[in-house]
Amino acid sequence: MEIAVCVKRVPQVGGRIVVTPDGQDVDTRMSGFAISPHEECAVEEAVQITERLGGTVSVLTLGPAEAADQLRDALALGAHRAVLLEAGGHAWGPAGTAAAIVAEVRRRSAEGPAYDLLLLGNEAADTGDYQVGIRVAHGLGWPCATGIKQLEVTGDAVRARREYRGHEETFEFGLPAVITVKEGINLPRYPSLPGRLRAKRAAVEQYQPQWQPEGLRTRGLRVPDQPRQQATVLGTGTDAVPALVRLLDELGILK
Amino acid sequence: MNVLCLVELDDAGVTDASLRALTFARSLVTGGAPGDPGGGRPVLAAVAFGPADRVPASLLGRYGVTEAYVIEPATLDGYAPQAWARSLEGLLGVTLAAAVVAAGTDCGSEVLAHLGALTGQPMAANCIAASRAADGTLAVSRQRWAGLLIEDATLEGMPALLTVATDAVPPVPVDAAPVDAGAAGDTADPPVRVHEPDLDPADLRVRATVSAGREGGVSLATARVVVGGGRGVGGPDGFAPLEELASLLGGVVGVSRVVTSQGWRPHTQQVGQTGTKITPELYLACGISGAIQHMAGCGSARNIVVVNTDPSAPILSRADYAVIGDLAEVIPALVAALKDRR
Ligand SMILES: Cc1cc2nc3c(=O)[nH]c(=O)nc-3n(C[C@H](O)[C@H](O)[C@H](O)COP(=O)(O)OP(=O)(O)OC[C@H]3O[C@@H](n4cnc5c(N)ncnc54)[C@H](O)[C@@H]3O)c2cc1C
Ligand SMILES: Nc1ncnc2c1ncn2[C@@H]1O[C@H](COP(=O)(O)O)[C@@H](O)[C@H]1O
């Protein structure tokens, strides 16, 4: 099974998000970088599938040169091959990102072995566009299921499940296919020391995709007003329990 | 501008998220030219999937819908996202819609992304506001980072495709809206027309088989009371008092990501950006620091009460009340006190 997992380098925001003075970006001077929990699960899922069925896990990112760090993190978890699509300083949106991923999948098919399965996150942690996987599927003419929380892959087909509004939805279709996953599909492992060492030395393939402008153009970013308030302290330890019971009563919680 | 809105049906009629999307869509409707399908009146069209007799025309009318379209099970049975998007594409010509709106639910986001791919148009996810600019583009504001950041953007696209954040606007029927709120007309029942989409076989490759979900009492997303547990619970065994408290209060337990990634509790209980968004009357957050990704899931709770050993934990600046103390002492004592009241 040849699997490609698409991951995105995003700022690891801590206590609050800070926007740069020009309002165009998230201020990352104080932050580290990571990939979204959904994508961590996508990497884990791919590694588990190839542990069962054999094959290769390629991790793929479109981003700056530094995004090689996120590829190496995935290699440390058991991915085999890393591909960096260089963003070249452009602001990429979902349509362009999808086109770049499609081009890489086509290039790989031409050179072989072709990918059988693409795994992505349901949505990116930062932009939350909810669409790259679907646009990739259309670009390739492959079937696609999104928001998947349980996946079974056989040699040539998938069964994918998710919950929606209290019901379970099951999708079954043939490979090659695109699946976007959500956190909860598995519990990602921690990287092993040998894994980290292997990742450090591994080669990262690099390509320069063609940028295209997007129909959704950012004018500015802002942090929404949050009703910030300091909590009223009811008391300390078990001494506060009577006050807590009174509060729950006043809020109508005790009926 | 005519607007087409995807409406999700449920046992009660139309889902709450879709009523909110309709309220949002109505605010975009403007103008209307003679010769338009609305006969000179601007069109707010709704499209639903299911038996025609389950489309609640009068409810849609109250939300300003001027015409409704339904794709019946005989034509397209069950949920097939690409086929749903193909159906919406077909209705663009019928309704002359310049914008298509859906709720920012799993279903709405997915169908609109397919429509974006089919039509080659951009899609703006999780909008909280939109208005038409002089040059015909839309000025939109949308949520990023699960609502922790707002992006103001220009959306070009014919049609403009947008999903509406589920907490962007409350559901407001036309008759309850103040005059001038962009009502698309009076609230007569709209005609419900059966639409026969022109489907491609590939549109039906991915179709859901639906079965009953997990046997579950109260769901986390809709619970009236959520008792939250974080790293401060200390381990899988620490949750028993929280469970007991939740059931005494008629609620459920919700947890932080630390708890699920340690495997202490299943991910279905996670509150936050990559878990569930909750909207309870009371969120009692125990041993949770209040990371922004966690707050993204519980910020809409009406009351947040915290139990934390650290008086400077960030969550105290986003909460209403706090008890400073060890949850392993406070929660069992609270359980005992509540039992005594009975
Ligand atoms: C893209 C992204 C998405 C994320 N999505 C989510 C998400 O959906 N949900 C989520 O929760 N997190 C999410 N996170 C993780 C988030 O950033 C935090 O790491 C996490 O919420 C912290 O969990 P916590 O509060 O339990 O742990 P900690 O931050 O370690 O806080 C533990 C708290 O417990 C208190 N405490 C300790 N012992 C006791 C005791 N005995 N009694 C009372 N209090 C005690 C401490 O004072 C502290 O405040 C996400 C992160 C990223 C990057
Ligand atoms: N720059 C990128 N490089 C690689 N994969 C990406 C990139 N942007 C988005 N993706 C993938 O597409 C998913 C959905 O992203 P989005 O549609 O932007 O919310 C993410 O979870 C990633 O798996």
Side-chain angles (χ1 to χ4, degrees), chain A residues 13 15-17 26 36-38 95 125-131 134-135 138 141 143-147 163-171 173 182-184 187 214-224 226 228-238 240-242 244-245 247 251 253, chain B residues 10 79 106-107 109-110 113-114 116-117 121-126 143-146 148-157 205-206 208-213 219 225 249 261 263 267-268 274 281-282 292 303 305-306 314 316-326 329-330 333-334 337-338:
Chain A
V13 289
R16 68 200 188 99
I17 298 186
V26 173
S36 133
H38 296 326
D126 59 345
T127 52
D129 286 311
Y130 289 81
Q131 55 191 274
I134 291 168
R135 288 188 188 270
H138 280 261
C144 174
T146 68
E163 284 248 337
Y164 188 56
R165 291 207 259 128
H167 297 287
E168 188 178 70
E169 297 180 331
T170 304
F171 302 90
F173 44 83
K182 279 192 184 171
E183 188 182 26
L187 205 52
E214 299 274 336
L216 180 69
R217 287 193 312 274
T218 306
R219 283 181 287 121
L221 302 175
R222 59 191 158 90
V223 178
Q226 287 165 349
R228 275 184 90 81
Q229 53 186 18
Q230 196 59 36
T232 305
V233 175
L234 295 171
T236 306
T238 49
V241 168
L244 189 50
V245 173
L247 173 71
L251 295 178
I253 301 298
Chain B
D10 66 8
Y79 181 58
D106 287 349
C107 166
S109 313
E110 178 172 44
H114 276 286
Q121 299 298 317
M123 189 270 267
N126 286 322
Q143 295 180 347
R144 286 189 176 194
W145 292 98
L148 299 166
L149 191 67
I150 304 299
E151 172 188 4
D152 298 308
T154 303
L155 176 62
E156 274 174 8
R205 279 185 303 187
V206 179
T209 316
V210 177
S211 50
S219 99
V225 174
L249 299 176
S261 57
H267 184 271
T268 46
T274 50
E281 282 294 310
L282 171 68
I292 56 173
N303 297 286
V305 181
V306 167
L316 266 81
S317 59
R318 296 285 305 278
D320 301 290
Y321 298 94
V323 172
I324 306 305
D326 184 345
E329 294 167 5
V330 175
L334 177 58
L338 292 175

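Within every chain, numbering begins at 1; the chains are lettered A, B, ... in the order of the sequence lines, protein sequences first and strands thereafter.
With chain B as the partner, the residue from Ala125(A), Gly141(A), Ala240(A) showing the most heavy-atom pairs under 4.5 Å is Ala125(A). Ranked by non-hydrogen atom pairs under 4.5 Å with chain B, the options Ala231(A), Pro143(A), Cys144(A) are led by Ala231(A). With respect to chain A, the highest number of heavy-atom pairs below 4.5 Å among Val225(B), Val305(B), Asn303(B) belongs to Asn303(B). Contact tally against chain B (heavy-atom pairs below 4.5 Å) for Ile134(A), Val26(A), Val241(A): the top residue is Ile134(A). For the set Ala337(B), Ser211(B), Ala333(B), Gly325(B), the entry with the most heavy-atom pairs within less than 4.5 Å of chain A is Ser211(B). Here Gly220(A) is the residue among Pro242(A), Ala145(A), Gly220(A) with the most heavy-atom pairs under 4.5 Å with chain B. The candidate from Ile253(A), Leu247(A), Asp126(A) with the greatest count of non-hydrogen atom pairs under 4.5 Å with chain B is Asp126(A).
The closest donor-acceptor contact from the side chain of Gln229(A) to the backbone of Ala319(B) lies under 3.5 Å. The main-chain N or O of Glu183(A) is found under 3.5 Å from a side-chain atom of His267(B) such that the two form a donor-acceptor pair.
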Please lay out, stage by stage, how Val245(A) and Leu334(B) fare under the test side-chain contact (heavy atoms from CB on, under 4.5 Å). CA-CA 7 Å; Val245(A) 173; Leu334(B) 177 58; 3.6 Å; yes
Go through Val323(B) and Thr236(A) one step at a time and tell me if the side-chain contact (heavy atoms from CB on, under 4.5 Å) criterion holds. CA-CA 6 Å; Val323(B) 172; Thr236(A) 306; over 6 Å; no
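With 3.5 Å as the limit, one finds a donor-acceptor pair spanning the side chains of Glu151(B) and Thr218(A).
Between the SG atom in Cys107(B) and the CD atom in Glu169(A) there is a gap of 8.0 Å [rounded to 0.5 Å]. Note that NZ of Lys182(A) and OG1 of Thr274(B) are 10.0 Å apart. Values are rounded to the nearest 0.5 Å. The line from CG of Asp152(B) to CZ of Arg222(A) is 4.0 Å long, rounded to the nearest 0.5 Å. Note that CZ of Arg144(B) and CG of Asp129(A) are 7.0 Å apart. Values are rounded to the nearest 0.5 Å. If you take CG on Leu244(A) and CG on Leu338(B), they are separated by 8.0 Å, rounding to the nearest 0.5 Å. For the atom pair CZ (Arg16(A)) and CD1 (Ile292(B)), the distance works out to 10.0 Å, reported to the nearest 0.5 Å.
Heavy atoms of Val210(B) lying under 4.5 Å from chain A belong to its backbone as well as its side chain. For a residue to count as touching a neighbouring chain, one of its non-hydrogen atoms must lie under 4.5 Å from one of that chain's; by this rule Val306(B) does not touch chain A. Within the 4.5 angstrom heavy-atom criterion, no atom of Asp326(B) approaches chain A. When heavy atoms are compared at a cutoff of 4.5 Å, Leu187(A) approaches chain B solely by way of its side chain, counted from C-beta outward. Contact annotation for Tyr164(A): only side-chain heavy atoms (C-beta onward) come within less than 4.5 Å of a heavy atom of chain B. For Ala95(A), no part lies under 4.5 angstrom from a heavy atom of chain B. For Asp320(B), the parts sitting under 4.5 Å from any heavy atom of chain A are the backbone and the side chain alike. Looking at Val13(A), both its backbone and its side chain come within 4.5 Å of chain B, counting heavy atoms on both sides.
In terms of heavy atoms, Tyr130(A) sits closest to Ala113(B) at O-CB, 3.7 Å. Of all the heavy atoms in Asp10(B) and Arg165(A), the pair that sits closest is CB-NH1, 3.5 Å. Minimum heavy-atom separation, Arg135(A) to Met123(B): NH2-N, 3.6 Å.
Between Leu149(B) and Val223(A) there is a side-chain heavy-atom pair separated by less than 4.5 Å.
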